[in-house]
Every structure is written in C-alpha cells, then in structure tokens.
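Accompanying notes for the structure given below.
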Amino acid sequence: MSAHLKRLENTSVHILREAYASFKSLAMLWSIGKDSTVLLWLARKAFYGHVPFPLVHIDTHFKIPEMIEYRDRLTREWGLIMVYGENRAALEAGETFPDGKVDRLTCCRNLKTRALAHTLDGSWPRFRFNHQAGRYEKDRNTDPYTGVIVGVRADEEGSRSKERYFSARNRSAGWDIADQPPEFWSFYKTDFAPGTHVRVHPLLDWTELNIWEYIHQERIPTVSLYYDQGSGRRYRSLGCQPCTSPIESTARDVPEIIEELRSGKLASVAERSGRAQDKDDGGGLESLRREGYM
Amino acid sequence: MNIVIVGHVDHGKSTIIGRLLADTGSLPEGKLEQVRDLCERTSKPFEYAFLLDALKDEQAQGITIDAARVFFKSPRRHYIIIDAPGHIEFLKNMITGAARAEAALLVIDAREGVRENSRRHGYMLAMLGIRRVAVLVNKMDLVGHSREVFENIRKEYEAFLAGIGLEADSFLPVSGMGGDNIASPSGTMTWHTGGTVLDVLDGFSSSPPDDKLPFRLPVQDVYKFTRFGDDRRIIAGTIASGQVRVGDRIGFYPSGKSTTVSGIESFPAPTSDEDRVRVASVGEPVGITLSEQLYVTRGDLAVLQGQRSPTVATRLKASVFWLSRSPLKVGQEVLLRIGTARVRAHLESISRVIDAASLEGVSNPVEIARHDVAECVLHCASPIAFDVDAGIPEMGRFVLIDNFEISGGGIIREGLPDEQSWVRSKVLQRNIKWEMSTISLQARAERYCQAGTLVLVTGQADSRKKDLAKALESHLFGLGRLTYYLGLGSVLYGVDADLKTPESDSRTEHRQEHLRRFAEVAHLFLDAGLILVSTATDLTQEDANLINAVLEDHRMLVIWSGDSPSTDVKPDLVADRETGLETAVERIRALLQDQGVLYRA
C-alpha cells in the first residue's frame with residue numbers, strides 16, 4: 001500500500017474507533033456508493049470483521065434496482081445490521097420529481113433530507129433486516145442515533161471542504177458553518193449536549209482517486225454500474241435513477257477507472273456532474289446540506 | 001503534505017492559494033470560468049480569492065470563516081492546502097486548520113506590516129508544534145516591490161519568532177495579485193534569490209516518524225465482539241510512538257499493571273502463520289491481545305517495559321491556550337483529555353497570562369480570557385500518565401472541555417507532586433512486579449456474586465463503630481457472603497512491628513505509613529474478592545485519598561458511625577446514634593446492593 005493511502009486508512013480507522021467509543025447510539029449511513037462502501041470496509045478493518053453498529057440506508061424507491069440487490073447481498077454475506085428508512089407519506093402522495101408534482105430539489109428534500117432526519121431521530125419507522133427470516137421487518141429500536149458516520153469527502157464539492165471530522169448538528173439537524181468547534185491534535189468533539197447529534201466524517205481527506213486505489217488494493221466489491229459494460233458509458237456517482245446520468249467512459253474495471261482518473265481526462269468534469277439536483281439553483285447541494293443532507 | 005496558510009485578516013491568503021492553483025493548472029477547468037461568470041453576473045471584479053470562497057455566506061461577508069481544504073499537486077508531491085481564517089473571531093478555526101498541517105505559510109501584508117494576528121498566529125503555530133514555517137510578505141506590488149520594506153518586515157518578525165523559540169525556514173517577497181514569486185519567479189524583484197512559494201513548499205521535508213522512540217499506545221477501546229463465535233478480547237488504539245512486537249512485556253499506566261502481548265490482530269484474518277502480524281509501529285491503529293486477563297480500559301496508556309516510563313501525576317504545570325468566550329477562572333472545574341484518557345481537573349493557580357498578540361504579561365491573573373495563553377497549574381481528580389521531554393510531543397498535549405466544547409488546549413511542562421505521590425510510586429512498583437493469577441477479577445466476582453470492596457466504618461473514639469462493623473460482617477456472613485473483619489489497629493503489632501517502638505505512638509508519628517500498610521493488606525483481601533469490613537477512628541478525607549491511591553480500581557465505601565462527621569471525610573452513608581444497629585446494618589447492605597457490590601446469586 002502506498003504510504004499516503006496507508007496514512008488515510010490509519011486516520012479513518014482511528015476516527016471510526018473514536019466514534020464507537022464515544023457514542024452509545026451510533027449508526028453509519030450507507031448510500032451503496034463507492035465512498036460509503038469503502039467506509040464500510042474500513043469499519044470491518046477497525047473492528048476486525050465486525051460492524052458493531054447499524055448501517056442506515058435512505059431508500060427513495062427511485063434507486064437503480066441493482067443498488068438494492070447489492071445492498072442486500074452484502075448485508076447477508078457480511079452479517080450486517082442493516083436498517084433502511086423512507087418518506088412513505090411523500091411517496092404515497094406522489095410529491096416527487098418523477099411524479100411531476102415537485103422540482104428536483106424539493107424531491108431530494110422530501111425523499112432524502114426529511115427521510116434521513118426522521119429516520120435518524122427515530123420518529124418515522126425504520127426497517128431492519130432479519131437475518132433468520134431473510135427479510136426486512138419494522139425495527140423495534142426507535143432511539144435517536146446520537147452519532148452518525150457519513151462518507152463525505154472534502155474534494156467532492158465546496159461546502160464539504162468546510163467539514164470537521166466530528167461535526168455537531170443541533171436539534172433541527174442544522175449546521176452553523178461559521179461557529180464550529182475547534183478540532184486539533186486528534187481530539188474531536190465527542191461531548192455533546194442532549195438534543196444534539198454528531199456527524200462523523202472519516203473520509204474527509206480522501207480523494208476520488210484514493211477511493212478507487214483503495215477499492216483496487218483491498219478488492220472491495222462494488223456495484224457494476226460504475227463500469228462500462230459495452231455502451232461506452234458508466235456511472236461516476238450513484239443516485240436516484242431519474243436524476244443520475246452516466247458519463248462517457250469506456251473504463252471497464254477498477255484499474256481502468258484509476259487510469260482514467262490519473263490521465264486527467266475527467267479533471268474538467270465535476271464528480272457529481274451527473275447529479276441533476278446540484279444544478280437547480282446557485283448552490284443546490286449546499287442548501288440541502290445546511291438542512292441535514294449528507 | 002498538509003500545508004496551512006495563516007496570517008492577519010485581509011493580508012491576502014486566499015489570493016495566494018487561488019494564484020497557486022491557477023498558475024500550476026491544478027484547477028478543474030470549470031472552476032475558473034464558473035467563478036468568472038459569477039463575478040460578471042454580480043458585476044464584481046474577478047479575484048483569485050473567490051476560487052476558495054465556495055460558500056455563499058463567506059462571499060457575503062468577504063472573509064474566510066473556516067479552514068477550507070484545497071487539493072493541489074506539484075511535480076514533486078501532493079498537497080492539501082488549508083486556508084485558515086485571519087479574522088480574530090475565528091481563531092478556533094485557524095487552530096483547527098493549522099493543527100492538521102506539517103508546515104505553514106504565514107502571510108504578512110507589505111503595506112500593513114506585522115499585525116496582531118501575524119503575531120498571534122505565529123505563537124499558535126509554536127504551541128501547536130508546527131516547526132516548518134515560511135513567511136510570505138505579500139502585496140509587494142503595492143509598495144513598489146521595495147526591498148527595504150521587505151527587509152524591515154523580515155527583521156521585525158524574525159525577532160518576534162526568536163522570542164517564542166521559532167525560526168522561519170524562509171522569508172519571501174510575493175504578490176498574489178501579480179503572481180510574483182508564487183509559482184514562477186518575479187520579473188521585477190530580481191534582488192530576491194530565495195525561490196518561489198512553490199520551490200519552498202517542495203523543499204519542505206516530511207520528517208519520517210521515529211520508531212526508535214519509546215512505545216506508547218493510548219488505549220482507545222477494548223473489544224469483545226461475541227458475534228460469529230468470536231472470543232478475542234482486543235485492546236485497540238493508535239500507536240503514538242515506537243514499536244511493539246508479539247511477546248513484548250507491556251505495562252498499562254497510570255496503574256503500571258503489566259502483561260505480555262500474545263498477538264497483533266489484523267483484518268482480513270491471516271490465512272497462514274506467515275501472514276500473521278508480528279510487529280506494529282507508530283501511526284498504526286492496532287489491536288493487540290494479551291496473555292493475561294488484565295483489567296484494561298479506554299484511557300490507559302500502554303508502554304513497553306524496560307523503556308523509559310511515562311510520568312504519572314495529578315498536578316500539572318502547563319501552558320494553556322483558551323478559546324471559549326467565557327474565561328477559565330482559578331478554581332473552575334473542566335474535563336481534561338490527554339491521549340484517550342479523560343479526567344476531571346480544576347485550575348489550581350495561574351503564574352502568568354500572556355496576551356498572545358503582544359506577548360506581554362498580565363499581573364495577578366485570576367482567569368485566562370479568550371485567546372490568551374497562560375502558564376498555570378492544573379489539578380486532576382485522578383492520576384494521568386504523560387511524557388515531558390521524551391521526544392513524544394503528542395503524549396504531553398491535552399485539551400480542556402468546558403460545557404461540552406473543546407475550549408482550550410495545552411502542553412504539559414512538568415508533573416508536580418501531590419500528597420499521595422509517595423504512595424503512588426510504591427503502588428506503581430507493586431503493580432509492575434505483581435505476578436498475575438490466571439483467575440481474573442471478573443471470574444472471581446462472578447463466582448462469589450460480589451465485587452471485592454472495603455467497607456470502612458469510621459467515627460469518633462467513643463462511637464460504636466466496632467459493634468457496627470462486626471454486626472455487618474456477621475450479617476453478610478449469614479447471607480453466605482465472603483467477608484472478613486479487620487480493625488485498623490490490628491495491623492499495628494504485626495505488619496507495623498518495625499514502626500512500633502516502646503517510646504513511640506505509631507498511630508500519630510507514622511500515621512501515613514501505617515495507613516498505607518493497612519491499605520496494602522486491604523488490597524490483598526479485595527483482590528481475592530472479599531468484602532473487608534474495617535474500622536478506623538476519625539478518618540479524614542486525606543486518609544481516605546491515601547487508602548484509595550493504594551486500592552486503585554477497587555472500591556472503598558466509608559460509613560460514618562455517629563451523628564455527623566467530625567472530620568472533613570465525605571462518607572457514603574451516616575449511621576447516627578438514633579438508628580438501631582440492625583437498621584444501620586440493613587442500610588449498609590442496601591447501599592452495597594445499590595452500588596453493585598453484592599449481586600443476586
């Protein structure tokens with residue numbers, strides 16, 4: 001392993017362990033994408049094959065079907081504590097972009113931001129995978145998660161570069177960027193007042209290239225949507241089917257993606273360029289993030 | 001390499017980074033156009049600084065409010081440049097940014113010269129332990145590229161840095177606006193021969209971690225995951241310095257209890273014996289297993305036996321910087337975190353407060369105000385292990401938590417003695433030399449359904465403390481519990497025979513040593529899992545502290561027999577004269593249950 005990748009891994013594992021030692025009710029968001037899957041792998045490394053907290057997935061029900069199949073396959077194979085949440089009311093009322101009633105940003109707000117906030121605080125039903133029965137069942141645990149591990153990276157987009165490794169969110173999941181607690185010498189904010197929760201960001205210093213190099217080296221299984229399967233297109237960032245489009249690329253496997261990224265072919269294209277909601281106003285993602293989006 | 005860029009507000013840090021990115025082709029193509037477009041739409045002149053100010057409200061205020069991270073690449077290596085805010089309100093953000101850096105660029109405006117935050121940030125770099133610093137004298141275009149202006153600022157700032165024990169690697173005259181000496185040499189300032197910012201960055205050497213230093217592993221957690229039939233008990237943590245090997249003898253501080261490393265864990269699990277990890281070094285997050293079932297918890301510090309031992313103390317002479325809006329006052333209690341340990345501590349005294357910007361001392365300080373640095377004494381509620389001058393700065397650094405927030409940080413300069421230091425050093429030796437039984441404390445507790453505990457009944461000389469203690473022993477015995485009565489005085493003629501001379505009354509003359517020996521005897525009973533019931537006359541809180549220092553993790557409950565304590569001891573229960581003996585015994589039993597000393601069989 002390159003020294004740089006090893007350092008990134010070391011820091012991430014350390015942060016995961018700090019989070020586990022500090023929060024009684026801890027969860028990790030798993031979007032099924034490459035970043036949070038690397039995070040999941042790092043958790044298995046940190047805890048020697050175990051993932052001692054639930055993985056939470058916000059199911060918009062517009063995800064590309066292969067993503068859900070992959071999620072449930074790894075859940076079974078790795079014995080994960082898998083929990084998903086959703087915005088049932090918005091889905092039933094058709095208040096979604098594909099149903100035509102709202103714009104992209106509002107759809108994201110409904111199906112992701114609000115579903116996430118209510119799943120984390122336990123006010124909406126959570127569904128947990130029962131390994132014996134082989135299906136999802138309503139989770140009896142409705143305690144709010146006070147620590148939430150998220151796979152955001154600082155290089156993805158402007159607002160994410162302002163994040164701390166441990167970032168306190170207040171009751172309404174809001175984020176006051178100007179007044180964040182200091183973080184130095186491997187001491188993180190692990191003390192928090194009742195009613196607040198903390199987002200933990202172990203991947204903050206990783207780049208897109210680091211993620212793929214690590215996937216390659218550790219042989220981490222990923223969704224095949226990331227690879228060109230003959231159409232000359234592949235997904236670079238995964239989201240909901242109606243708002244995510246593939247990029248022009250003939251990279252067929254992990255080494256080819258690494259080569260593509262190193263070549264600088266994609267240097268002029270933002271990683272999330274295939275994600276339509278980012279473009280809806282001056283700073284779509286930033287508005288969403290202030291309200292609690294990942 | 002992580003680089004931080006600091007300096008006074010408006011001295012042009014963001015412009016320098018923007019220029020560095022643009023001139024080296026490190027920007028994604030869309031970015032420059034996107035910002036130019038935005039400027040055009042809002043009728044603002046384009047500035048390189050806007051590239052970094054990706055956030056809306058930052059642009060509204062026109063100042064950097066947090067440490068933005070920028071990825072950047074030179075032919076030599078990758079960089080993360082952290083842009084730290086210069087505005088005083090955001091010092092905690094500057095510290096957050098700077099603490100992640102291996103080297104710093106400190107920017108000074110050529111027109112304005114050395115300002116308050118130029119000094120404050122310099123001081124903070126020194127406190128945070130950043131040793132590689134280049135000073136950029138910026139906006140040289142606005143002073144006619146004057147060599148004299150540059151040299152004057154250099155002299156003034158060099159003298160300031162010397163005063164705080166820091167030496168800059170280099171001083172550079174630059175212009176962020178014009179691009180002089182940023183990525184390419186200046187066409188006008190030909191008198192400068194010290195290279196460009198890019199040259200200086202590439203010239204910083206990344207010091208490799210020194211694994212010859214003593215081994216230090218702050219214990220982050222102890223894992224016992226039972227799923228999938230896993231029975232490993234793994235001590236986890238990130239190695240702060242040195243190396244550890246399978247078979248090494250290690251001790252856990254502050255107690256000093258020692259054992260042998262039986263394995264170093266890895267994931268995915270090794271498939272063959274050659275695959276097994278045998279050695280781990282500084283920086284690695286490891287998991288080790290032990291040959292004996294020691295009681296180890298988060299906050300303990302693992303060290304290698306035979307190497308330099310850490311200092312153990314409760315009182316610390318330290319340099320502290322304070323970040324919270326409300327000042328830290330003498331006597332105030334906070335939480336202190338060092339390594340993975342966390343203890344209550346109070347500010348005992350302040351010897352001097354330094355205004356970090358002017359470095360002038362304040363007389364008769366009673367508090368440390370926001371953004372001040374102070375030399376002071378902190379007193380921890382329980383002993384901590386740390387290093388001073390061992391070449392391991394990390395093991396001497398701490399943060400202070402007030403009202404759930406990291407409110408300050410500091411460096412331990414020296415461990416100071418307290419009243420129990422002499423006892424603790426003996427206990428440490430005892431622990432290091434202790435031969436462990438193969439039966440763990442927990443196994444005994446489970447078998448006996450009780451945790452080894454000292455119940456110390458104290459009161460005035462004429463109180464019925466002995467009757468009460470003996471009644472308690474007999475009651476517990478009747479319940480089938482393992483218990484023993486031992487009067488403090490009974491230790492006097494045997495264990496203390498060498499202290500006891502016909503002329504002397506060892507009770508007064510050798511009281512402390514007498515108490516220590518009594519506590520050592522009690523420790524044996526407790527380690528064996530018994531409930532020891534003892535009596536002592538007029539026990540003081542200092543006596544109790546001494547006994548506790550010997551008992552360490554074992555518990556002591558103090559019962560005051562009599563109406564109210566006539567000493568300063570803080571009893572767990574008071575059995576007044578009115579209460580019948582039976583009722584008093586019943587109450588003590590209830591207390592033992594509440595405290596988890598007695599469990600149900």
Side-chain angles (χ1 to χ4, degrees), chain A residues 3-4 6-7 9-14 16-18 20-21 41 44-50 52 79 154-155 157-164 168 177-193 196 204-205 207 218 264 266-271 273 282-283 286-287, chain B residues 2 28-31 38 53-58 61 65-71 78 80 89-93 95-96 98-100 128-129 220-221 223 225 227-228 230 232 234 236-238 265-269 283-285 287 298 323 335 337 340 394 397-399 401 403-406 409:
Chain A
H4 182 61
K6 184 73 200 155
R7 262 201 305 276
E9 182 194 70
N10 289 350
T11 305
S12 301
V13 166
H14 181 81
L16 284 168
R17 289 174 170 181
E18 275 307 276
Y20 181 61
W41 185 265
R44 298 180 80 219
K45 238 183 198 188
F47 308 109
Y48 301 102
H50 303 268
D155 77 325
E157 177 271 334
S159 73
R160 292 186 179 183
S161 74
K162 306 274 167 167
E163 280 286 9
R164 299 282 199 261
I177 301 161
D179 193 27
Q180 299 191 69
E183 198 168 68
F184 50 96
W185 295 337
S186 309
F187 292 106
Y188 309 110
K189 179 173 170 65
T190 50
D191 296 85
F192 59 101
T196 50
L204 219 48
D205 296 334
T207 63
E218 298 286 308
L266 298 176
S268 57
V269 188
E271 185 181 351
S273 63
E286 191 196 320
S287 314
Chain B
N2 285 358
E29 238 173 69
K31 195 88 177 174
L38 189 75
D53 299 343
L55 284 183
K56 286 180 190 168
D57 60 352
E58 215 185 79
Q61 290 178 22
I65 53 175
D66 200 346
R69 264 170 277 196
V70 181
F71 295 81
H78 291 269
I80 299 174
E89 280 300 299
F90 305 123
L91 187 69
K92 60 183 183 177
N93 293 336
I95 288 170
T96 303
R100 286 174 186 162
L128 291 168
Q220 222 176 344
D221 220 329
Y223 300 137
F225 302 116
R227 285 185 90 199
F228 318 127
D230 195 342
R232 292 173 295 179
I234 301 170
T238 301
E265 295 299 317
S266 57
F267 175 86
E284 288 182 58
R298 177 176 166 92
L323 301 169
L335 273 172
R337 288 171 59 190
T340 51
E394 188 178 327
R397 292 171 179 166
F398 60 88
V399 291
I401 315 288
N403 194 26
F404 306 111
E405 298 291 346
I406 294 178

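In the text below, chain A, chain B and the rest are named by the order of the sequence lines, each starting its count at 1. Because the structure is a prediction, the values reported are computed rather than measured.
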Donor-acceptor pair, side chain of [X] and main chain of [Y], under 3.5 angstrom:
| X | Y | answer |
| --- | --- | --- |
| B/Arg227 | A/Gly79 | yes |
| A/Tyr48 | B/Gly287 | yes |
| A/Lys189 | B/Phe404 | yes |
| A/Arg7 | B/Gly283 | no |

Picking from [options], which has the most non-hydrogen pairs under 4.5 angstrom with chain B?
| options | value |
| --- | --- |
| A/Ala193, A/Ala21, A/Gly49 | A/Ala193 |
| A/Phe184, A/Trp185, A/Phe47 | A/Trp185 |
| A/Lys45, A/Arg17, A/Glu183 | A/Arg17 |

Which atoms of [X] are under 4.5 Å from chain A, going by heavy atoms: the side chain, the backbone, both sets, or neither?
| X | result |
| --- | --- |
| B/Ile406 | both |
| B/Gln220 | both |
| B/Arg298 | side chain |
| B/Leu128 | both |
| B/Phe225 | both |

Sequence-distant partners of A/Phe192, ring pair (Phe, Tyr, Trp, His ring centres under 6.0 Å), two or more places apart: A/Phe23
Minimum-distance pair of heavy atoms, taken over all atoms of B/Pro268 and A/Trp41: CG-CZ2, 4.3 Å
Minimal non-hydrogen separation, A/Asn10 against B/Glu284, with atom names: ND2-CA, 4.1 Å
Which of B/Asn403, B/Leu335, B/Ile401 touches chain A most, by non-hydrogen pairs under 4.5 Å: B/Ile401
Residue part contacting chain B, namely of A/Ala46, when any heavy atom lies under 4.5 Å: backbone
NE2 on A/His14 to OG1 on B/Thr340, rounded to 0.5 Å: 8.5 Å
Pairing residues for B/Glu265 by the salt bridge (charged side-chain N to carboxylate O under 4.0 Å, His left out) criterion, not counting sequence neighbours: B/Arg232
